[in-house]
Protein chains: 2
Amino acid sequence: MKFRRSDCPLVLALDLFGDRWTLLVIRDLFRGKQRFDEFLSSPECIATNILADRLKHLVEHALVKRLPDKEDKRRFFYQLTSRGQSTRQFLLPLIRWGLAQSALRRAPERNG
Amino acid sequence: MKFRRSDCPLVLALDLFGDRWTLLVIRDLFRGKQRFDEFLSSPECIATNILADRLKHLVEHALVKRLPDKEDKRRFFYQLTSRGQSTRQFLLPLIRWGLAQSALRRAPERNG
DNA sequence: CGGGATCCGTCTTGATACTG
DNA sequence: CAGTATCAAGACGGATCCCG
């Protein structure tokens with residue numbers, strides 16, 4: 001993900017979320033996960049370098065903030081900013097769509 | 001985009017749309033574009049091999065149908081299936097989010 | 001000419017090992 | 001624990017080629 005190719009708002013969104021991992025990290029943040037280790041423990045098994053890259057990217061774009069742990073200097077907390085939380089408005093419809101698709105897959109009368 | 005890593009509905013959606021091009025093709029289809037050449041003419045300038053790959057992928061997943069042109073044997077029409085049209089439910093919120101972001105970028109009082 | 005397929009150099013992804 | 005380094009594999013992107 002580098003510079004941008006048009007000023008379409010969809011292109012802007014795909015700049016930030018058009019990959020297979022970023023939205024999974026945001027999902028985890030909505031679920032209350034806050035630490036590097038917690039993201040790694042999700043069933044999708046994101047690689048550490050990919051996770052580090054995506055977190056950095058999200059922080060750079062003010063979707064996530066990175067807070068030091070006062071009690072353990074080695075650790076950090078990641079939290080959604082209000083901008084990050086605003087992604088809920090399309091994340092929920094997207095999840096709803098995925099749910100409907102897996103339901104269809106189990107009862108495939110007529111689709112297409 | 002290969003096999004899948006969990007049965008999270010979000011993962012299922014990212015399987016299909018978790019890249020920088022697929023949703024742009026779907027956007028064009030919603031806008032009434034139907035032919036290979038028309039997709040190429042969009043301002044994002046997708047490469048022909050990428051476009052061919054994405055269209056094939058969309059057809060395989062029953063989001064798009066590929067219809068021959070009766071009058072010109074060389075040409076095809078691509079159209080959204082009803083399943084493809086159902087993506088509207090998250091595509092519109094995603095575009096709306098992108099619009100809000102570009103508005104913020106022009107009037108960045110307090111975000112973050 | 002329209003709709004791709006193929007080739008090839010480059011950039012990105014991802015698994016694993018390693019470090020502070 | 002929270003990353004970085006390394007390196008192979010794959011995706012991207014442009015150019016060219018092919019086929020009806």
Side-chain angles (χ1 to χ4, degrees), chain A residues 1-6 8 10-11 14-26 28-29 32-61 64-79, chain B residues 1-6 8 10-11 14-26 28-29 32-61 64-79:
Chain A
M1 288 177 285
K2 27 195 175 182
F3 64 94
R4 242 326 97 160
R5 308 152 283 178
S6 87
C8 175
L10 180 58
V11 170
L14 291 175
D15 243 359
L16 295 169
F17 310 118
D19 79 302
R20 302 193 305 141
W21 295 108
T22 302
L23 287 179
L24 292 177
V25 175
I26 290 180
D28 283 353
L29 285 160
K33 295 192 176 185
Q34 298 193 90
R35 293 184 295 100
F36 198 90
D37 202 48
E38 294 181 296
F39 303 123
L40 289 181
S41 74
S42 286
E44 293 84 13
C45 300
I46 187 170
T48 59
N49 56 344
I50 303 292
L51 177 57
D53 179 82
R54 295 304 185 274
L55 284 171
K56 183 190 296 182
H57 204 242
L58 286 169
V59 169
E60 283 170 2
H61 288 272
V64 167
K65 52 193 164 190
R66 181 180 191 259
L67 305 169
D69 185 339
K70 310 285 185 187
E71 296 166 4
D72 185 343
K73 290 302 192 182
R74 299 174 306 182
R75 309 181 77 181
F76 298 91
F77 292 110
Y78 294 92
Q79 292 174 0
Chain B
M1 287 178 285
K2 26 196 175 184
F3 63 95
R4 244 322 99 159
R5 310 152 282 178
S6 85
C8 176
L10 180 57
V11 170
L14 291 175
D15 243 358
L16 295 169
F17 309 116
D19 78 302
R20 302 193 303 143
W21 295 109
T22 302
L23 286 180
L24 292 178
V25 175
I26 290 179
D28 284 352
L29 286 160
K33 295 191 176 186
Q34 298 192 91
R35 293 184 295 102
F36 198 88
D37 202 47
E38 293 181 297
F39 304 125
L40 289 182
S41 73
S42 286
E44 293 84 11
C45 299
I46 188 170
T48 60
N49 54 345
I50 307 287
L51 176 57
D53 179 81
R54 294 304 183 274
L55 284 171
K56 184 190 296 183
H57 204 244
L58 286 169
V59 168
E60 283 170 3
H61 288 272
V64 167
K65 52 192 166 189
R66 181 182 191 258
L67 305 169
D69 184 340
K70 310 286 187 187
E71 296 167 4
D72 185 345
K73 289 303 193 182
R74 301 173 303 182
R75 309 183 75 179
F76 299 89
F77 291 110
Y78 295 92
Q79 293 176 357

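Lettering of chains follows the sequences in order, A, B, ..., and the numbering in each one begins at 1.
- What separates CG of A:D15 from P of D:dC12 is a distance of 14 Å, to the nearest Å.
- Counting only distance, with no hydrogens or angles, the side chain of A:K33 and the backbone of A:D28 share no donor-acceptor pair below 3.5 Å.
- If you take CG of B:L40 and C1' of C:dA5, they are 14 Å apart, rounded to a whole angstrom.
- At D:dG13, none of the side-chain N or O atoms of B:R54 fall inside 4.0 Å of OP1 or OP2 (strictly under the cut-off).
- Per the geometry, CZ belonging to A:F39 stands 13 Å off C1' belonging to D:dC1, to the nearest Å.
- In this entry the distance linking NE2 of B:H57 with C1' of D:dA11 reads 13 Å, nearest Å.
- Of the options B:D19, B:V25, B:L24, a side-chain contact (heavy atoms from CB on, under 4.5 Å) to B:T22 is made by B:D19 and by none of the others.
- Across all non-hydrogen atoms, the minimal contact from B:L14 to A:R20 is CD1-O, 3.8 Å.
- Between the CG atom of A:D53 and the CH2 atom of A:W21 there is a distance of 13.0 Å, given to the nearest 0.5 Å.
- Within the structure, every side-chain polar atom (N or O) of A:R20 is placed at least 4.0 Å from both OP1 and OP2 of C:dT12.
- The separation between A:D19 atom CG and D:dC12 atom C1' is 15 Å, rounded to whole Å.
- Put simply, A:W21 has a side-chain N or O that comes within less than 4.0 Å of OP1 or OP2 on C:dG14.
- Rounded to whole angstrom, the span from the CD1 atom of B:I46 across to the P atom of D:dG14 amounts to 11 Å.
- A donor N or O paired with an acceptor N or O is found under 3.5 Å between the base of D:dG14 and the side-chain atoms of B:N49.
- DNA chain C is contacted by both A:R74 and A:T48; A:T48 maps to the nucleotide lying nearer its 5′ end (nearest heavy atom per residue).
- Looking only at side-chain heavy atoms (C-beta outward), A:L58 and A:Y78 stay at 4.5 Å or farther from each other.
- Atom-to-atom, CD1 of B:I50 to P of C:dG9 comes out at 17 Å; the value is rounded to the nearest Å.
- At D:dG3, one or more side-chain N or O atoms of A:Y78 fall inside 4.0 Å of OP1 or OP2 (strictly under the cut-off).
- In this entry the distance linking CG of B:D53 with P of C:dG3 reads 17 Å, nearest Å.
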